[in-house]
Amino acid sequence: MTSSARKMAPVEEQMRILMAGTEFGDEPTRVTMERELRARLEQDRPLRVYCGYDPTRVDLHLGHSVSMRKLRQFQDLGHEVTFLIGSFTATIGDPTGRDKTRPVLTDAEIAENAKTYTDQAFAILDRAKTLIRYNGEWLSKLTFADVTRLTAHYTVQQFMRRENFAKRQENGDPIHVSEFLYAMMQAYDAFELNADVQLGGTDQTFNLFAGRQLQEARGQQPQVCITLPILVGTDGHEKMSKSYGNYIGITEPANDMFGKVMSIPDATIINYFTLLTPLTPVEVDALEASLADGSLRPMDAKKRLGEEITTVFHGADAARDAREYFEATVQRKETPDEMPEHAVVGRTALTDVLREAALVKSNGEVRRLVGEGGLLLNGEKVADFNIEVGPGDEIRVGRHRYLRLVAK
RNA sequence: GCAUGGGUGGGAGAGUGGCUAAUUCCAGCGGACUGUAAAUCCGCCGCCUAACGGCUACGCAGGUUCGAAUCCUGCCCCAUGCACCA
């Protein structure tokens, strides 16, 4: 069989691209998944690939973009990608009822979040080639009998082997039955989509495999589960998450995005290049070598990284501008030409202006700021907070927040 | 339903009658330093007030007391075990 007879790209070429940057719980799993993926690719047809996203949060961050980038690779190779929005799961809320960050949403809220989600996702995905589905389409139609039959495919022991549950069992912490159902809902998604491949973070391994099990039990070919590393946040330790405050949002302005990338620890640079930029593994290896032998300074590597990442979401021009802004403002400590403006009528109390501009929450904060020397008016330290300011004045709060007053 | 343990500032978690706007940690903010918006160090970190001072706050509502996050009563909520139900 010659490769020219194939409609799609050569199997090994696809394998190299698709397996890059993946991470599996253990070696046998990786070997199995690799073998199964190869077998599917040899069928020389577009594979049905999907990844599910929870629409309870409005903001997607770079952590989410890792799996989206992988989806994009599948797209570019001609596979059929579904962006699945977990609308049903979001209407149920957190199974334990404790996690307030996972609120119960109304249909309208979900639709709205989904909209902003997909808008953000299409910075990476090819809009024309992406199917958007909501799991409420099928999950909401299941009857109690359907669900009961679904649960019959699983045993409690399987769930209890999951580390998360085993630990809580040991500690006497509650494990809600609904938590079991969560995995089954995700499994049902895979069955409903008749998925060839599902992507997810390594923390989703259990749920991905639950899908395999269901598919097999119901006569489908079990999906290939491809897991991706959890992206660490800007602190370089914890996983990127809004609740840890260490995230870089996909919709953040270019300057902020660049700046936040600059704040990651040096040790995280290569990891970010691998997971967040279009650079090939070979290029990343070259960068790593240059960093190791000292021919590339971490500062320069990070600027490159910041530009690459910012380019993905804002374009090359904006990324270059962001870099220049960083170099001018942060490194050379220059006052930027452009800064947020705030309209005032005539002379106004400084405290009122800052509060209106939402730079501070209370007058007490202004007092503190002045006492700490963190407030500058036209380049001079403000000694007395009880002053008035007017159009034309430039205020700097802290190191990098600016405000220019204009007439209303 | 019964029993036990809990509900404290953005989060975690001390405090069991005045010394407590409330230890500590995390987050946040400011300063210094730095290749950096990182790390580190120092400081700040309820609201109003120029200040004195005032106000609000420890699940909710009452009460005791000169004085309560801390004691009492009722209620609500959470966790675990048992019971009940199936």
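Proteins come first, then strands; the chains are lettered A, B, ... in the order of their sequence lines, and each starts at number 1.
Between A:Met299 atom CE and B:A38 atom P the separation is 12 Å, expressed in whole Å. As rounded to whole Å, 13 Å separates atom C1' of B:C29 from atom CG of A:Leu375. To the nearest angstrom, C1' of B:A38 lies 12 Å from CD1 of A:Ile248. Going from atom CG of A:Leu369 over to atom P of B:G31 covers 8 Å, rounded to whole Å. Rounded to an integer number of Å, the gap from CD of A:Glu365 to C1' of B:C44 is 10 Å. Following rounding to the nearest Å, A:Arg304 (CZ) and B:U36 (C1') show an atom-to-atom distance of 19 Å. For the pair A:Lys260 NZ and B:A37 C1', the computed distance is 10 Å after rounding to whole Å. A:Glu372 places its CD atom 9 Å from the C1' atom of B:C45, with the value rounded to the nearest Å.
Rounded to the nearest 0.5 Å, atoms CG (A:Leu199) and CG (A:Leu208) are 8.0 Å apart.
B:C84 is unpaired under the Watson-Crick or G-U wobble criterion, no partner having all donor-acceptor distances under 3.5 Å. Nucleotide B:U56 forms a pair with no other nucleotide shown, judged by Watson-Crick or G-U wobble geometry with both contacts under 3.5 Å. When both distances must be under 3.5 Å, the Watson-Crick or G-U wobble mate of B:A51 does not exist. Taking a pair to require two hydrogen-bonding distances under 3.5 Å in either a Watson-Crick or a G-U wobble arrangement, B:A79 pairs with B:U4. The partner of B:U64 is absent, by the rule that a Watson-Crick or G-U pair needs both atom distances under 3.5 Å. Under the Watson-Crick and G-U wobble criteria, each requiring two contacts below 3.5 Å, nucleotide B:U34 is left unpaired.
Nearest-nucleotide mapping onto RNA chain B: of A:Gly398 and A:Phe258, the residue sitting toward the 5' end is A:Gly398. Mapping A:Lys333 and A:Asn386 onto RNA chain B via the closest heavy atom, the residue that lands nearer the 5' end is A:Lys333.
Put simply, the residue from A:Tyr182, A:Phe180, A:Phe159 that forms a ring-ring contact (aromatic ring centres under 6.0 Å, His included) with A:Phe206 is A:Phe159.
Side-chain atoms of A:Gln331 and base atoms of B:G35 include no donor and acceptor less than 3.5 Å apart.
Summarising the geometry of A:Asn194 relative to A:Arg48, their closest heavy-atom pair is O-NE, 2.7 Å, with the distance given to 0.1 Å.
Of the P atoms belonging to B:C60 and B:U8, the separation is 10 Å, rounded to the nearest Å. Nucleotides B:G59 and B:A14 are separated by 14 Å at their P atoms, to the nearest Å. For the C1' atom pair drawn from B:C58 and B:G10, the interatomic distance equals 15 Å after rounding to whole Å. Taking the P atoms as reference points, B:C42 lies 16 Å from B:C33, given to the whole Å. Nucleotides B:C19 and B:G53 are separated by 16 Å at their P atoms, to the nearest Å. Taking atom C1' on both nucleotides, B:A37 is separated from B:C48 by 33 Å, rounded to a whole Å. Using P as the reference atom, B:C72 and B:U16 are 14 Å apart when rounded to the nearest Å. Spacing between B:G9 and B:A22 at atom P, rounded to whole Å, works out to 16 Å.
With respect to the salt-bridge test (charged N to carboxylate O, under 4.0 angstrom), the residues A:Lys141 and A:Glu192 do not qualify. Using a cut-off of 4.0 Å between Lys/Arg side-chain N and Asp/Glu carboxylate O, A:Lys303 and A:Glu307 are scored as not salt-bridged. Using a cutoff of 4.0 Å between basic side-chain nitrogens and carboxylate oxygens, A:Arg38 and A:Glu42 are not scored as salt-bridged.
Among B:G35, B:C44, B:U36, the nucleotide with an atom closest to any side-chain atom of A:Asp266 is B:G35. When distances run from any side-chain atom of A:Pro265 to the nucleotides B:A38, B:U36, B:C44, the shortest one goes to B:A38. Of the candidates B:G35, B:A50, B:G30, the closest approach to any side-chain atom of A:Arg367 belongs to B:A50. Checked against B:C48, B:A38, B:G35, the side chain of A:Arg355 finds its nearest nucleotide in B:C48. Side-chain proximity of A:His400 to B:A50, B:C47, B:A37: nearest is B:A37. Each of B:A50, B:G30, B:A37 was ranked by its minimum atom distance to the side chain of A:Arg399; first place goes to B:A37. Here the nucleotide nearest the side chain of A:Arg396, chosen from B:G31, B:U36, B:C44, is B:G31. Among the nucleotides B:U49, B:C44, B:A37, the one closest to any side-chain atom of A:Ser263 is B:A37.
If you check every strand for non-hydrogen atoms under 4.0 Å, A:Asp300 touches nothing. Among the heavy atoms of the strands lying under 4.0 Å from A:Phe326 is at least one base atom, whether or not backbone atoms are also near. Among the protein residues, A:Ile264 comes within range of no part of the nucleic acid, since none of its heavy atoms lies under 4.0 Å from any strand. Residue contacts for A:Lys303: at a heavy-atom cut-off of 4.0 Å it reaches no nucleic acid atom on any strand shown. Base engagement by A:Gly259 is indicated by at least one non-hydrogen atom pair under 4.0 Å involving a base atom. Within 4.0 Å (heavy atoms only), A:Arg297 reaches no atom of the nucleic acid at all.
Under the 30°/60° scheme for interplanar angles, the aromatic rings of A:His61 and A:Tyr247 are found to be tilted. Taking the six-membered ring where tryptophan is involved, the planes of A:His79 and A:Phe74 are perpendicular, since the angle between them exceeds 60° and thus also 30°.
Considering only side-chain N and O atoms, A:Arg401 lies nowhere under 4.0 angstrom from the phosphate OP1 or OP2 of B:G28. Between A:Ser362 and B:C48 there is a side-chain polar atom (N or O) within less than 4.0 angstrom of OP1 or OP2. Applying the 4.0 Å criterion to OP1 and OP2 of B:U49, one finds that A:Asn363 has a side-chain N or O inside that range.
Using a distance-only test at 3.5 Å, with no hydrogens or angles considered, no donor-acceptor pair links the side chain of A:Tyr50 to the main chain of A:Glu80.
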